[in-house]
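Contents: one structure, followed by commentary.
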Number of protein chains: 2
Amino acid sequence: MAYDNRDDNLKETYLSGEDIYNGAIMRVQKWEVALPDGKKAEREIVLHHGAAAIVPLDERGYITLVRQHRVAIDEFTWEIPAGKLDYAGEDPLSCAKRELEEETGYKASNWLKLANVVSTPGYCTERISLYLATELTKSEAHPDVDEFLYCKSIPLAQAVSDVLTGKIIDLKSCLGILMAERMLRDLTVPLNATGFYADSGYLHG
Amino acid sequence: MAYDNRDDNLKETYLSGEDIYNGAIMRVQKWEVALPDGKKAEREIVLHHGAAAIVPLDERGYITLVRQHRVAIDEFTWEIPAGKLDYAGEDPLSCAKRELEEETGYKASNWLKLANVVSTPGYCTERISLYLATELTKSEAHPDVDEFLYCKSIPLAQAVSDVLTGKIIDLKSCLGILMAERMLRDLTVPLNATGFYADSGYLHG
């Protein structure tokens with residue numbers, strides 16, 4: 001049990017991996033790794049292409065949330081629009097634009113990266129790109145045939161309150177909403193001007 | 001493709017499930033579900049007992065973070081102390097106390113529930129209970145033998161900045177830090193008094 005403030009003493013090295021399961025949407029592997037002390041250990045890892053999620057904010061200060069039933073937890077949730085990358089390496093912004101339009105019918109001409117995060121790094125490779133989308137124009141939603149959902153728009157301040165009181169429980173949605181609120185509070189330039197936040201700055205749609 | 005603002009039109013009904021893989025820490029099942037339109041579909045679901053995560057805040061306003069290497073994403077991360085429930089139904093607060101002491105050596109006599117969230121409800125049953133722990137006393141950390149980590153304490157305001165600038169990327173850590181900061185800003189009673197936040201209020205350690 002090395003205890004030293006140097007990252008070298010923490011690093012697990014991937015040695016080999018094999019598929020345990022390769023299904024329609026999920027691929028699970030067992031990895032053999034070398035621990036920092038030289039011992040070997042097994043890790044069970046869910047492979048995931050990654051995802052994009054969007055806080056769509058209109059000119060009134062309302063954001064649009066998606067209502068879904070999540071059978072894994074057997075609950076109805078309010079979540080920000082989101083979806084998986086179609087393939088490893090897909091541009092997350094392209095994915096975000098597609099998912100926003102599919103689920104809500106909105107197109108946005110202003111895109112701001114809020115964060116790049118990892119959902120569950122202990123056992124899953126999933127990375128999520130979070131965006132704030134503004135300058136919205138509405139067309140028609142067209143979810144996938146096996147996607148059942150509806151939308152509502154609420155003031156961003158109400159969404160923040162819903163996070164704090166536990167009405168919104170989806171982790172990426174909670175973070176996206178708090179970051180969007182914080183960013184708008186911190187911003188000293190108007191949203192449609194050139195500015196920077198996190199590592200990214202504005203991405204024009 | 002039902003499009004109606006009633007949850008009944010969204011609900012997926014679990015019909016049956018079978019193990020695809022039942023490993024050391026991960027269990028994966030294939031579920032057959034009935035879609036709202038009566039059609040059947042398959043879902044691949046990771047079963048997870050749940051987890052607890054803790055923002056440990058000392059009297060100076062510093063929080064303690066844990067440095068780990070996460071082989072799934074091949075990165076070193078700064079995360080709030082956290083760990084899995086030992087078994088389905090374990091009290092998350094007991095888990096939080098154990099994990100805080102194991103990873104950081106801290107015991108806390110004041111526990112505040114920040115949130116109950118779900119990490120990835122599209123494919124995993126994991127629920128995470130997030131706590132703010134205060135009135136800390138230090139003893140010795142004793143991580144599991146295959147856990148390699150070290151800790152640092154930084155001002156909460158610095159941690160918030162690290163979330164906003166992308167230095168902290170773990171989703172539950174990002175949310176815990178922003179919620180802790182927001183809660184302390186909103187609080188009108190001292191932290192060691194009786195108060196309420198989210199659904200829970202104070203839980204005395």
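Convention: sequence-line order gives letters A, B, ...; per-chain numbering from 1.
Interface check for chain B: of the options A:K39, A:K152, A:E42, A:H48, the most heavy-atom pairs under 4.5 Å are formed by A:H48. When each of B:I20, B:T125, B:T13, B:V160 is checked for heavy-atom pairs under 4.5 Å with chain A, B:I20 comes out on top.
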Quiz item: Going through the checks in order, is the side-chain contact (heavy atoms from CB on, under 4.5 Å) test met by A:K84 and B:Y123?
Solution: CA-CA 12 Å; A:K84 289 187 290 292; B:Y123 59 88; over 6 Å; no

Quiz item: Can you list the steps and then say if B:Y150 with A:D7 is a side chain to side chain donor-acceptor pair (under 3.5 Å)?
Solution: CA-CA 9 Å; B:Y150 63 86; A:D7 287 343; 2.8 Å; yes

Practice problem: Show your reasoning for whether side-chain contact (heavy atoms from CB on, under 4.5 Å) applies to B:I169 and A:N116. | Solution: CA-CA 7 Å; B:I169 63 169; A:N116 289 317; 5.8 Å; no

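Both the backbone and the side chain of B:A24 come within contact range of chain A, with heavy atoms under 4.5 Å apart. Heavy atoms of A:E79 lying under 4.5 Å from chain B belong exclusively to its side chain. Heavy-atom distances place the side chain of B:K30, and not its backbone, under 4.5 Å from chain A. Both the backbone and the side chain of B:V118 come within less than 4.5 Å of a heavy atom of chain A. Contact of B:R67 with chain A is made through backbone and side chain together, with heavy-atom distances under 4.5 Å. Residue B:Q29 does not touch chain A at all, counting heavy-atom pairs closer than 4.5 Å. Within the 4.5 angstrom heavy-atom criterion, only side-chain atoms of A:V28, from C-beta onward, approach chain B. When heavy atoms are compared at a cutoff of 4.5 Å, B:V33 approaches chain A solely by way of its side chain, counted from C-beta outward. Interface residue A:T120: only side-chain heavy atoms are found under 4.5 Å from chain B. Residue B:I168 does not touch chain A at all, counting heavy-atom pairs closer than 4.5 Å. Using a 4.5 Å cut-off between heavy atoms, B:Q68 touches chain A through its backbone atoms (N, CA, C, O) alone. Looking at B:S119, the atoms closer than 4.5 Å to chain A (heavy atoms on both sides) sit in the backbone and in the side chain alike.
With rounding to the nearest 0.5 angstrom, the NE2 atom of A:H69 is 7.5 Å from the CD atom of B:E12. With rounding to the nearest 0.5 Å, the separation of CE in A:M179 from CG in B:L175 is 11.0 Å. Rounded to the nearest 0.5 angstrom, B:L171 CG and A:L171 CG are separated by 3.5 Å. Considering CZ of B:R70 and CZ of A:R43, their distance stands at 9.5 Å, rounded to 0.5 Å.
Here the shortest heavy-atom pairing between B:P121 and A:A72 reads O-CB, 3.5 Å. Contact detail for B:C124 and A:I73: the closest heavy-atom pair is O-CG2, 4.1 Å. Across every non-hydrogen atom of B:L10 and A:F76, the tightest pair is CB-CE2, 4.0 Å.
Between B:V46 and A:V46 there is a side-chain heavy-atom pair separated by less than 4.5 Å. In this structure, the side chains of B:L35 and A:F148 come closer than 4.5 Å at one or more pairs of heavy atoms.
Classification of B:E44 and A:R27 as a salt-bridged pair fails, no side-chain N sitting under 4.0 Å from a carboxylate O. Of the charged side-chain nitrogens involved, at least one lies within less than 4.0 Å of a carboxylate oxygen, so that B:R127 and A:E75 count as a salt-bridged pair.
Within a 6.0 Å radius of NZ in A:K107, other residues, nucleotides and ligands contribute 12 heavy atoms or fewer.
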